[in-house]
Amino acid sequence: MPGPVQSVERAAAILRLLAEDAEPVALTRIAETLGLAKGTAHGLLQTLVSVGFAEQAPQSTGYRIAPALFRLGASRIDLNELRSQAINWTDALAARSGAATRVVAYRDGRVVKVHDVFGPDGPATVVTDDSEVPLHTTALGKILLAHDPGAYRSIDAINLDSLTFHTITNRVQLDRELARVRDEGWATEVDECEPDRAAIAAPIRDKGGSVVAAVGVHGRPEQICDTRGRPRQVLIAQVVRAGRSISRELGHGRSR
């Protein structure tokens with residue numbers, strides 16, 4: 001039987017090194033850490049870049065794992081299936097909350113609106129389309145940024161535009177907010193995307209546990225928040241429950 005292929009072993013070692021570091025890793029460090037000649041390390045990296053497993057970070061000479069590798073082996077859910085599984089739960093969420101409800105997913109570098117349910121006041125209540133505004137300004141976008149490496153990488157080379165006085169424009173502050181989103185399982189916005197708008201969102205997971213979409217409610221701040229301007233706990237519970245229910249419809253949490 002033939003032995004291990006050295007180039008494959010070295011490529012795997014590079015990927016492990018890139019995956020262990022949150023920041024882009026310089027070519028020199030990769031070569032020194034793995035005991036490779038700089039030219040050998042460079043050739044392996046270029047191959048990994050060409051097949052979409054690694055990438056060079058914008059405005060940096062360092063390398064990092066490419067978003068495609070995170071999705072390797074994960075099922076790519078059909079958006080029509082997602083809508084069919086989500087529609088009953090989002091309609092019920094809109095009825096219970098009295099707020100407009102939306103499901104979005106991140107595909108091919110952009111946010112895709114999967115399903116919309118208008119609130120009792122009709123479409124004029126909130127006119128913003130979350131698929132057309134920067135991810136960091138909306139609750140739905142924060143869910144995608146917190147869980148989808150491709151979505152997060154999409155904001156690497158851009159400024160965090162300020163749409164209102166309350167928009168998060170500091171990268172460190174945004175990263176703290178996304179860490180909170182991952183810890184608590186929901187995201188919120190109050191006057192960050194546009195004045196007089198608030199929202200709450202939660203993740204939707206596929207059968208493998210990967211976050212494939214987000215569901216949320218949006219409306220006037222007095223509808224979404226309490227008298228102190230904080231998201232209403234009852235609405236948070238309803239949105240999180242809807243996200244979990246849709247996730248179960250997609251197979252998440254079912255015994256195998």
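Counting begins at 1 with the first residue of the sequence. Hydrogens, waters and symmetry mates play no part in the numbers below; they use all other heavy atoms, side chains included. Everything numeric in this text was worked out from a predicted model, so none of it was measured.
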For the side chain of Arg182 and the backbone of Ala146, is there at least one donor-acceptor N/O pair under 3.5 Å apart? yes
dist Ile200:CD1 -> Trp186:CH2 (nearest 0.5 Å) comes out at 7.0 Å
Has Asn159 got a side-chain atom pairing as donor or acceptor with Asp161's backbone, closer than 3.5 angstrom? no
Determine whether Ser245 and Arg248 satisfy the following criterion, side-chain hydrogen bond (donor to acceptor under 3.5 Å, both in side chains), listing intermediate values before the conclusion. CA-CA 5 Å; Ser245 297; Arg248 281 196 299 272; 3.2 Å; yes
Rounded to the nearest 0.5 Å, what separation is found between the CD1 atom of Ile143 and the OG1 atom of Thr138? 9.5 Å
Rounded distance [0.5 Å steps], CD in Gln46 versus CG in Leu48: 9.5 Å
Closer than 4.0 angstrom, basic N to acidic O: yes or no for Arg232 and Asp226? no
To the nearest 0.5 Å, how far apart are OG1 in Thr47 and CZ in Arg10? 12.5 Å
Salt bridge check, Arg180 against Glu177: does any charged N sit closer than 4.0 Å to a carboxylate O? yes
Tell me whether Glu249 is salt-bridged to Lys207, with the criterion being a basic N under 4.0 Å from an acidic carboxylate O. no
Keeping the roles fixed (side chain from Ser7, backbone from Leu44), state whether a donor-acceptor pair exists under 3.5 Å. no
Quick check against the 3.5 Å criterion: does Thr188 have a side-chain atom that pairs as donor or acceptor with the backbone of Pro231? no
Determine, for Arg220 against Asp196, whether the closest basic-nitrogen to carboxylate-oxygen distance falls under 4.0 angstrom. yes
To the nearest 0.5 Å, what is the distance between CD (Gln85) and CD1 (Ile204)? 11.0 Å
Is a side-chain donor or acceptor of Thr167 paired with a backbone partner of Leu163 at a separation under 3.5 angstrom? yes
Tell me whether the count of non-hydrogen atoms from other residues, nucleotides or ligands lying under 6.0 Å of CZ in Arg205 goes above 12. yes
Among the clusters formed by ILVMFWY side chains lying less than 4.5 Å apart, do Val117 and Ile87 turn up in the same one? no
So which atom in Ala99 and which in Ile224 form the shortest heavy-atom distance, rounded to 0.1 Å? CB-CD1, 4.1 Å
For Asp191, does its backbone N or O pair with a side-chain atom of Thr164 as donor and acceptor, under 3.5 Å? yes
Kindly work out whether a path of hydrophobic side-chain contacts (I/L/V/M/F/W/Y, heavy atoms less than 4.5 Å apart) joins Val114 to Val211. no
Same apolar cluster: Val190 and Leu235, side chain cutoff 4.5 Å: no
In this structure, OG1 of Thr28 is separated from NE2 of His42 (nearest 0.5 Å) by 11.0 Å
Between Arg197 and Glu189, does any NZ, NE, NH1 or NH2 come within less than 4.0 Å of an OD or OE carboxylate oxygen? yes
Keeping the roles fixed (side chain from Ser97, backbone from Leu93), state whether a donor-acceptor pair exists under 3.5 Å. yes
